[in-house]
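Order of the sequence lines fixes the chain letters, A, B, ..., with proteins taken first and strands second; residue numbering starts at 1 for each chain. The structure displayed is predicted, hence computed values, not measured ones.
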Amino acid sequence: MKNPYQVIEANIFKIIDETPNIKTFVLVPEQPLSFKTGQFMELTVPGLGEAPFTPSGDLSKGEELEFTVMKVGLVTDALHVAKVDEPLGLRGPFGNGYPLQKFEGKDVLIIGGGVGLAPLRSLLYTLLAHPSKYKRILLRYGARTPEDLLYKEELKQWQEKIDVLTTVDHGDETWAGNVGVVTTILDDPDIDIAQAAAVICGPPIMMKFVTLRLLDLGFKPESIYLSMEKNMSCGFGKCGHCRLGNFYVCKDGPVFTYEKLKGLPEIWD
Amino acid sequence: MMTRFIDDANLTEFLSSLKNRYLVYSPQKEGEHYFLNRDGDFTPSEFRTLEPVKSLYLYPRGKVYPGDSEKEAALAILGVKSCDLFSLKIQDYIFQESLPPDPFYSSRREKGLIISSDCISPKKTCFCAALNISPYPETGFDLNLSPLSGGFLVEVGSSKGEELIKEQTSYFQEPQETQLNQRRQNRDDLLKKFAAPLIPQADSLQELVKKGLPDVWEEMAERCVECGNCNFVCPTCHCFLLAEEVHFEKFRLWDSCQFPDFARVAGGGNPLDRRSKRLRNRYLHKFDFFKDVLGYYGCSGCGRCIEACLGGIDLREVLSRLEESLSSD
Ligand SMILES: Cc1cc2nc3c(=O)[nH]c(=O)nc-3n(C[C@H](O)[C@H](O)[C@H](O)COP(=O)(O)OP(=O)(O)OC[C@H]3O[C@@H](n4cnc5c(N)ncnc54)[C@H](O)[C@@H]3O)c2cc1C
Ligand code: FES
């Protein structure tokens with residue numbers, strides 16, 4: 001029987017500084033892993049512990065796996081001082097991932113907040129590999145300040161291919177774009193709302209207000225896809241940490257339609 | 001189901017023959033409690049053991065990587081009571097049926113043997129019958145023993161149990177009508193001990209924990225000292241923390257949803273940031289989550305949490321108070 005607690009070793013191949021507190025780690029696992037975009041892995045710092053992260057890179061690049069990690073606590077602090085060639089551990093992949101077939105033929109509105117753009121970047125790579133399958137792909141992305149924006153170079157490249165709008169909560173002298181939270185850049189008269197899917201990832205408060213705004217705009221609860229963040233330990237429906245209503249988010253999610261969750265009073269807690 | 005009679009002397013021989021194949025655990029009395037110990041003589045215990053049977057399938061601290069579940073010795077557990085058999089349905093669902101299975105739990109359950117026995121007199125904290133769980137074993141065992149004068153009725157509950165009897169038929173006899181009647185009488189007497197209503201109507205509990213007023217949770221949680229005892233002694237609680245202690249070695253450690261950090265996420269967010277929310281979480285998991293997911297509550301009525309709570313929180317009282325909070329509304 002396969003052991004789901006098994007650790008697959010992976011060496012750090014490259015480290016990219018994204019923002020003052022976010023780095024992207026390019027890992028080379030000792031064995032190739034196959035994935036659906038939106039699934040996550042448990043990333044171990046040897047001898048310390050593990051935390052869940054969703055790969056942020058292009059999953060068609062078989063041997064490499066990228067994780068974009070914000071420094072916030074025990075495991076992520078240790079990751080941020082790790083060096084190239086150091087070994088890390090991986091378990092997974094876990095969770096359901098994005099239901100790509102559901103997006104076909106539709107306007108796909110991708111909305112990220114802060115480090116929440118990480119899993120969405122992997123989704124973008126996947127969608128952009130077959131752009132003709134989707135009517136339009138739109139990206140709306142917000143961060144606190146201009147220097148907190150992730151993937152600054154790629155944002156420029158995406159701008160040439162798809163409709164991209166960015167915003168910051170607080171601008172500075174270098175910033176000529178929109179200032180305000182991400183809900184201020186969601187109105188778009190051209191979106192065919194009846195035929196659109198919205199995919200959201202970010203902090204709970206941002207997901208809440210974006211969802212409410214989209215509902216106001218006429219999006220259907222079953223067309224709004226949310227990546228739920230819960231405390232996770234095992235990753236595969238055993239340890240009970242990630243319970244939300246009658247779901248274990250690690251196994252039944254982490255991607256849910258708002259339709260599935262809307263009855264839960266504790267959805268945004 | 002096949003039923004046989006075995007006398008005391010033959011039972012002793014039959015059970016000791018198991019030691020060739022199994023590590024045998026049975027309830028042993030120390031003070032006023034029974035504990036599951038290795039290799040003592042089997043005596044039919046009047047009530048359940050202090051520790052839940054899960055502790056032999058999911059150790060409080062169990063290494064899960066690296067490790068090989070196939071190499072472990074098989075366990076035979078004797079004297080398991082109906083409440084603990086019920087609780088294994090929950091553990092089986094989580095660790096075996098919900099995919100992917102936990103290889104350690106699955107192999108222990110598959111290789112293991114359970115010889116349960118009827119309760120004779122429940123503890124003061126027992127309320128299984130109030131949850132419509134039979135106080136004597138009906139399913140979930142390989143063999144069940146019902147004590148009679150001079151011996152036991154042996155009921156077969158699985159093909160593994162049937163094999164054992166067929167291998168050693170000389171120990172067993174066809175039961176007599178009087179023996180079957182005596183068992184029925186004993187079981188009726190046992191049921192009568194649960195006659196007083198201990199908790200609100202079983203079928204109302206899901207609504208009560210969902211809708212019961214916040215004041216009740218606040219007041220009850222005042223007594224909680226966040227020790228986690230209720231979770232650790234609970235036969236259906238399955239939550240754990242996957243910990244790393246040395247380089248890439250993983251351990252499953254029993255965890256408690258009453259601990260402040262249980263649901264904390266990065267950046268300080270914590271959906272269970274108050275004791276009252278954590279207490280309610282425990283009840284929601286048992287009376288709402290499992291009811292919806294499996295069709296029955298995740299509580300066996302064993303009363304261990306009542307016995308173990310340092311703050312004196314009594315699950316029966318909590319449920320009754322929730323009911324009152326709604327009826328006085
Ligand atoms: C599905 C999913 C995908 C995610 N993807 C990303 C991503 O792509 N990028 C990103 O930056 N973040 C992502 N996150 C968030 C990320 O998992 C957290 O930032 C990370 O868990 C923080 O870990 P930490 O140890 O650094 O923080 P801490 O604040 O130290 O700990 C975080 C959690 O782990 C628990 N914990 C830590 N140490 C212990 C311990 N010793 N004992 C008990 N509990 C402990 C804490 O209770 C807390 O709940 C994702 C989260 C989920 C659920
Ligand atoms: S993370 Fe363990 S059950 Fe979801």
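- In terms of heavy-atom pairs under 4.5 angstrom with chain B, the leader among A/E50, A/K230, A/E229 is A/E50.
- The greatest number of non-hydrogen atom pairs below 4.5 Å with chain B, out of A/V72, A/L74, A/V75, A/N3, is found for A/N3.
- Expressed to the nearest 0.5 Å, how far OG of A/S227 lies from CE of A/M207 amounts to 6.5 Å.
- Proximity to chain B (any heavy atom under 4.5 Å) is shown, for A/I205, by neither the backbone nor the side chain.
- Salt bridge status for A/E42 with B/K250: absent, with no side-chain N to carboxylate O gap under 4.0 Å.
- Within the 4.5 angstrom heavy-atom criterion, no atom of A/E266 approaches chain B.
- By the 4.0 Å N-to-carboxylate-O rule, B/E226 lies close enough to B/R278 to be salt-bridged with it.
- A salt bridge links A/E66 to A/R121: one of the charged nitrogens lies within less than 4.0 Å of a carboxylate oxygen.
- In this structure, chain A has heavy atoms under 4.5 Å from both the backbone and the side chain of B/V64.
- Counting heavy-atom pairs closer than 4.5 Å to chain A, the top-ranked of the candidates B/P66, B/A263, B/C237, B/A243 is B/A263.
- Here the side chains of A/C242 and A/N231 are not in contact, with every heavy-atom distance at 4.5 Å or above.
- The backbone N or O of A/Y98 lies less than 3.5 Å from no partner atom in the side chain of A/K36, so there is not a single donor-acceptor pair.
- Between chain A and the residues B/G67, B/S106, B/S107, B/C239, the most heavy-atom pairs under 4.5 angstrom are made by B/C239.
- In terms of modelled atom types and a separation under 3.5 Å, the side chain of A/E18 and the main chain of A/L150 share no donor-acceptor contact.
- Electrostatic pairing of B/R252 and B/D102 counts as a salt bridge here, judged by a charged N lying under 4.0 Å from a carboxylate O.
- Looking only at heavy-atom pairs under 4.5 Å with chain A, the residue among B/L99, B/D261, B/D273 that has the most is B/L99.
- Between B/C299 and B/F287, the shortest heavy-atom distance links the atoms CB-CZ, 3.8 Å.
- Side chains of A/T257 and A/E222: no donor on one and acceptor on the other come within 3.5 Å.
- Residue with the most contacts toward chain B among A/S233, A/G240, A/C239: A/C239 (heavy-atom pairs, distance under 4.5 Å).
- When heavy atoms are compared at a cutoff of 4.5 Å, B/Y105 does not approach chain A at all.
- The most heavy-atom pairs under 4.5 Å with chain A, out of B/S69, B/C257, B/P101, come from B/P101.
- When heavy atoms are compared at a cutoff of 4.5 Å, A/K2 approaches chain B solely by way of its backbone atoms N, CA, C and O.
- By number of non-hydrogen pairs under 4.5 angstrom with chain B, the leading residue of A/M70, A/M232, A/R91 is A/R91.
- If you measure heavy-atom distances from A/V45 to chain B, the contacts under 4.5 Å come from the backbone alone.
- Between chain A and the options B/R264, B/H285, B/E245, heavy-atom pairs under 4.5 Å are most frequent for B/H285.
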